[in-house]
Number of protein chains: 2
Amino acid sequence: MKASARRASKPPGGVRLEDVARVAGVSPISVSRALGNPGRVSEAMRRKVAEAVAKTGFVLNSHASTLKSGRSTLIPVFVSSIQNAHFANALQGASDAFEGSRYHLVMAQTNYSDRLEQEMVDSVLPFKPAAVMFTGMVQSKGTRETLKRLAVPVMEMWDYSPTPIDMLVGFSNAEGGRLMGEHFGQRGFRKIAYAGRTRDRGAQRLAGFQEGLALYGSAPALVLPMEGPRTVADGGAALERILQQLPDCEAIFFATDSLALGAILRAAELEIEVPKTLAIAGYGDLDIARHIAPSLTTIHVGAYDMGLRAGKMLRARLESKELASTILRCPIQLEVRTSTTP
Amino acid sequence: MKASARRASKPPGGVRLEDVARVAGVSPISVSRALGNPGRVSEAMRRKVAEAVAKTGFVLNSHASTLKSGRSTLIPVFVSSIQNAHFANALQGASDAFEGSRYHLVMAQTNYSDRLEQEMVDSVLPFKPAAVMFTGMVQSKGTRETLKRLAVPVMEMWDYSPTPIDMLVGFSNAEGGRLMGEHFGQRGFRKIAYAGRTRDRGAQRLAGFQEGLALYGSAPALVLPMEGPRTVADGGAALERILQQLPDCEAIFFATDSLALGAILRAAELEIEVPKTLAIAGYGDLDIARHIAPSLTTIHVGAYDMGLRAGKMLRARLESKELASTILRCPIQLEVRTSTTP
DNA sequence: GTGAAAGCGCTAACAA
DNA sequence: TTGTTAGCGCTTTCAC
């Protein structure tokens, strides 16, 4: 008896489909169908199988399933850092979009490193992912090539680029910068400083900012590049450096809210009046931005919403629904608050 | 020719181990060993295989690998909400602990719901996970049973409990509450209020708080339960409700920093002097807590560090290293700042 | 140190 | 609607 011979030597694997089938008195494939495609079996079959599954405590082996069917349920999501509230929000949105689906998101952190990104991508390829998501554009050429060859849906998020690998849902950093530039121009600020990253999306924000200012015949008098960490404490330090280098500075645009918040708090300690003496603006609209005093003028980016849209778009594609477009530009808004207006 | 027959019909699967073996002129099993157990093959073999892999662009199929070997590389991590900065930090720590290992963390959000937790746990069982991690104790009895039967390492984090399912790395919420109770007692506050969750870890914080106050013959005059969202805005609202119900309140302990920050900001608007008229304390030590004015007295919990320790402990177990203990209590600290001391 | 045979648990394709 | 057959791609014996 082959079945019982197997049964006897069965500590390793646990309950198999075959065991359920035997208990239910049906064939293994019927169990498989009742579980994975309930619409294609009779009501009676469904019940018999459900009972047998409950009785045996059967748990499907997804590795076997994926191996045979060729359809994986894993979707790696690459995030620079999950400690960044915006990325966390985006991730939450993506995660919510896939709730109740057959897919699972696998987290992969790239820590802002191209090398790590490449490594992480390589390390998830053995899973034969159903799709891949990125919070941020894929920078490295090698990784882009790898992903194109993969021939699975690739979703890039956060930024807006004319040449995504495949699908894209993002904001235009240039637009955010431009909105702030126009706002500064309208307010009539002279002696303007920019502090934050000057590469990648920082570069786009800065370029947009300059563009916006240019409409008013203005330009930043000082650019303080900050490529390292950009915490609240760094914002305070940045403020001091800017005031050293540009003592009569009238307005500063920080490329992230954390920096701007740090600057506002330090300004209070230095008894510099914001916005009267110095106007301060941020980017991102953190929860705290509207609550601090003075409340922070900033660019609102709906990260959660973006993640949700991206997740839904990708899910639709995976469930082979019609897709109107594979590129989506999320709205972005200037939030004018008291840190730039009296 | 079976091989070429297969080759001809080979669009689906891509390059297989067998293809690499043919190119390298060795057997499939040798390729497998060269890749997964390089120590057990000769230098020459390793080089031949490496060349053939590069030439063919081979990517291992982890589903086949796991199916055959029975050793999965997936570790689901259950988090209530990734938007909570502490949990995000813990997750980052856990993620860092597994960097460079063969394991992959799969994110699963439970949104503070027992039902969802159970569902999510069930949904990852088909992966035959190598281990399971939880940020928080597993509450539901059903899930606890499921996990015990699973017979894989289970790591619970964040809280401290005498009866974990398996492994545990956490803080004592009761201790945090007690430290704050003692601090309030020492400062001689009367008319004391507590605001925040009063269930689960909130209950522990509150109990500890009461215990600490009791040492000074004191007790909370008001407990404001907040089981719903607890954002900065909610903290401001909570402050107002407390002042309505307890107008001569001298000190408030908020169970999270967000609430306390909201209260501090609202107090400034209401022109209530902190700490002179009203002392405010929080729990968690968010980045901003030390930067706000007045800086916030709070309980410091090293979430990143905890996640890192938990990840390392679990990794050691999976790599079958000796483990001194499977339970670890992380240090917790009272950070006395100006919001409770003049 | 290397290889041959077998089968992990499941589902696609075909058949009834 | 249900069942039979075959094999997904790999690694575990076991042999040499």
Counting side-chain heavy atoms from C-beta on, which of [options] comes nearest to [X]?
{"X": "B/M45", "options": "D/dG9, D/dG3, C/dG3", "value": "C/dG3"}
{"X": "A/S69", "options": "C/dG9, D/dG3, C/dA12", "value": "C/dA12"}
{"X": "B/V41", "options": "C/dC10, C/dT2, D/dG9", "value": "C/dT2"}
{"X": "B/S42", "options": "C/dT2, D/dT12, C/dT11", "value": "C/dT2"}
{"X": "A/S27", "options": "C/dA6, D/dT4, C/dG9", "value": "D/dT4"}
{"X": "A/L60", "options": "D/dC10, D/dT12, C/dT11", "value": "C/dT11"}
{"X": "B/L17", "options": "C/dC10, C/dC8, D/dC10", "value": "D/dC10"}

Interatomic distance, [X] [atom1] vs [N] [atom2] [rounded to whole Å]:
{"X": "A/I29", "N": "C/dG9", "atom1": "CD1", "atom2": "P", "result": "17 Å"}
{"X": "A/K128", "N": "D/dC8", "atom1": "NZ", "atom2": "C1'", "result": "12 Å"}
{"X": "B/R71", "N": "D/dC10", "atom1": "CZ", "atom2": "P", "result": "15 Å"}
{"X": "A/K68", "N": "D/dT4", "atom1": "NZ", "atom2": "P", "result": "17 Å"}
{"X": "A/H63", "N": "C/dG9", "atom1": "NE2", "atom2": "P", "result": "12 Å"}

For the residue pair [X] and [Y], does the interplanar ring angle fall in the parallel (under 30°), tilted (30 to 60°) or perpendicular (over 60°) class?
{"X": "B/W158", "Y": "B/F87", "result": "perpendicular"}
{"X": "A/F98", "Y": "A/Y103", "result": "perpendicular"}
{"X": "A/H104", "Y": "B/F127", "result": "perpendicular"}

In Å, rounded to the nearest 0.5 Å, how long is the span from CE of B/M137 to CZ of B/R201?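 Answer for the CE-CZ pair, B/M137 versus B/R201, is 9.5 Å.
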Which sits closer to the 5' end of DNA chain D, B/R33 or B/V59, going by the nucleotide each is nearest to?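 Residue closer to the 5' terminus by nearest nucleotide: B/V59.
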Looking only at heavy atoms, what is the nearest atom pair of A/D114 and A/S140, with distance?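 Distance-wise, the nearest heavy atoms are OD2-CB, 4.1 Å.
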Using the closest heavy atom to pick a nucleotide of DNA chain C for each, name whichever of B/L67 or B/P28 lands nearer the 5' end.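 The 5'-side residue here is B/P28.
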